Amino acid sequence: MDDMHKTFQENLSAYALGALDTDEAAALRIHLQTCDSCRAELADYQRVSAGLLAALPPKAPGPALKRTLQKRLAARTRPQFKWSWSQVAVSGAFVLLIVLNIVSISQVYSLSELQAEQSRERYAEQTAIAMLAYPGTQSISFNQDGVAGSLLVDKHRNLLAVFAWHLPPAPAGKTYQMWLIDPQGDRTSGGFLAPEADQPFSMAVIASPQPLMSFVGLGITLEPSGGSPKPTGPKVLRVDF
Amino acid sequence: MDSHPDDLSLIQRVAHGDQQAFLALYDRYASRVHALTLHILNDPMLAEEATQDTFLKLWSRARLFLAERGSLIVWLLTIARRTALDRLRMEGRRPLLSDSNDPDTLWSMIPDGSQSSDEARWQSLYFIVHDLPEEQRQVIELAYYQGMSQSEISEELGWPLGTVKTRMRAAMESLRRTWLKDER
């Protein structure tokens, strides 16, 4: 145990610099959960690494950069307006529904389903955008068998977003199922990834039921529609994080 | 109105779309952001692009800034570092970043950059880094400013992995001991 502790302690400074190899960093993170002295020592090293960001002599960019930024800001639409329009559209749909009052129960049901689906999609998109915008999110690229994309991993909020480009539609009666993989190789379902026919990429957000730190990777398999309790179909891809 | 508003009030105004507040932050920190991106990318054109991207991220992410987590300058420089390292990888000049650093923790480590005493502290760290033995400074440079893991540094420099680890540890311990001693 003392030897293990010493090894972890020796890795603290490299961890603070972001220079530990992935497997060592993962092991250290687990150790840090239970070791007060290592956490305290790491805090010191992190103060140093934070200081290194600001320790370079200031160097002004060219004056044109400020003008460029001013122009770009003037041309930019702030993100919240996009959502406002979407909300207006959904609200409008409801108003229309009430005014007309001739819509059958089945139509209402269908619309509710559609709206719930849109709401879920919008939530996933907002979450993914928020993760992209968050400096702590780890981004991992992949390119396997013609499917390329990125995994966004936020281990503090136990969120994971998958962007996969050129994933073909699942065959009839099949679905793409995502799996969180733990160090023992056991899989926990992370839901489904459904490619849309009209867009070249698929996106899904997984809110992990357990701390994301307890998993080491994400897998996708092709499963019967409705999914499986454990993977049974062919592997589509695997990305370690 | 306060002629020298603090970072927090400026970033709160930026979060509400105030371009003047944004430009005030730009004037205050552009030189620091640009120094970092230029150091990482070593290319004036790429560095200006990364600086621009960093400030555009500041504009779009301002509402995500949490004052209780730490200072604005370290948050901004953390974004700048990642932006520049991403650009470095995009240019194919470095392998995938294996960065396990947690910016949330990191940016709570340094106080407000608008205070002159902090300027002096950062300047002192710069000189302490430059006083390190060359081989120790080299591993800090490659790890932190080039986004390389210890294994990648070992491969890059042709040093045994154990040597890289020892030199990195010695460098960081030296910085820790020397730079933080005044606060104890």
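Note that the structure is predicted; figures quoted are calculated from it, not measured. Chain A is the first sequence line, chain B the second, and so forth, proteins listed ahead of strands; every chain is numbered from 1.
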> Using a cut-off of under 4.5 Å for heavy-atom pairs, which of Asn11(A), Leu12(A), Leu65(A), Leu28(A) has the most such pairs with chain B?
Replying inline: Leu65(A)
> What distance separates Gln19(B) CD from Gln70(A) CD, expressed to the nearest 0.5 Å?
Replying inline: 8.0 Å
> Is a side-chain N or O of Arg32(B) found less than 3.5 angstrom from the main chain of Ala54(A), in a donor-acceptor match?
Replying inline: yes
> For Glu41(A), is it the side chain, the backbone, both or neither that has a heavy atom under 4.5 Å from a heavy atom of chain B?
Replying inline: both
> Hey, what do you get for CZ (Arg82(B)) to OG (Ser139(A)), rounding to the nearest 0.5 Å?
Replying inline: 9.5 Å
> So what's closer than 4.5 Å to chain A heavy atoms on Glu49(B): side chain, backbone, both or neither?
Replying inline: neither
> Can you list the steps and then say if Ile73(B) with Leu53(A) is a side chain to side chain contact (heavy atoms under 4.5 Å, CB included)?
Replying inline: CA-CA 9 Å; Ile73(B) 177 60; Leu53(A) 292 171; over 6 Å; no
>> Would you say that Trp59(B) contacts Leu69(A) through its side chain, given a criterion of any heavy-atom pair below 4.5 Å between the two side chains?
In response: no
> Can you name the closest pair of heavy atoms from Ala19(A) and Ala143(B) and give their distance?
Replying inline: CB-CB, 3.7 Å
> Are any side-chain N or O atoms of Glu10(A) and backbone N or O atoms of Arg169(B), one a donor and one an acceptor, separated by less than 3.5 Å?
Replying inline: no
> Looking at Ala26(A), Ala60(A), Ala64(A), which makes the most heavy-atom pairs under 4.5 Å with chain B?
Replying inline: Ala60(A)
> Rounded to the nearest 0.5 Å, how far apart are OG of Ser141(A) and CE of Met90(B)?
Replying inline: 11.5 Å
> With respect to chain A, which residue among Ile153(B), Ile140(B), Thr166(B), Asp27(B) yields the maximal number of heavy-atom pairs within a distance under 4.5 Å?
Replying inline: Asp27(B)
> Rounded to the nearest 0.5 Å, how far apart are CG of Leu20(A) and CD of Gln150(B)?
Replying inline: 5.5 Å
> Between Gln52(B) and chain A, which part of the residue has a heavy atom less than 4.5 Å away: side chain, backbone, both or neither?
Replying inline: both
> Between His39(B) and Lys59(A), is any pair of side-chain heavy atoms under 4.5 Å apart?
Replying inline: no
> Is a side-chain N or O of Tyr145(B) found less than 3.5 angstrom from the main chain of Leu52(A), in a donor-acceptor match?
Replying inline: yes
> So what's closer than 4.5 Å to chain A heavy atoms on Leu175(B): side chain, backbone, both or neither?
Replying inline: both
>> Quick check on the interface: out of Thr37(B), Leu38(B), Leu23(B), Thr51(B), who has the most heavy-atom pairs with chain A under 4.5 Å?
In response: Leu23(B)
>> Could you report the tightest heavy-atom contact between Asp21(A) and Ser149(B), atom names first, then the distance?
In response: OD1-OG, 3.0 Å
> Between Ala35(B) and Leu56(A), what is the shortest heavy-atom contact and its length?
Replying inline: O-CD1, 3.8 Å
Let me check something: any side-chain donor-acceptor pairs from residues 124-134 of chain B under 3.5 Å, sequence neighbours excluded? List them with distances.
{"residue": "Ser124(B)", "atom": "OG", "partner": "Arg121(B)", "partner atom": "O", "Å": "2.7"}
{"residue": "Ser124(B)", "atom": "OG", "partner": "Trp179(B)", "partner atom": "NE1", "Å": "3.3"}
{"residue": "Glu134(B)", "atom": "OE1", "partner": "Arg137(B)", "partner atom": "NH2", "Å": "2.8"}

> What closest approach, in Å, do Glu173(B) and Tyr45(A) show between heavy atoms, and which atom pair accounts for it?
Replying inline: OE1-OH, 2.8 Å
> Tell me, do Pro57(A) and Trp122(B) make a side-chain contact under 4.5 Å, heavy atoms counted?
Replying inline: no
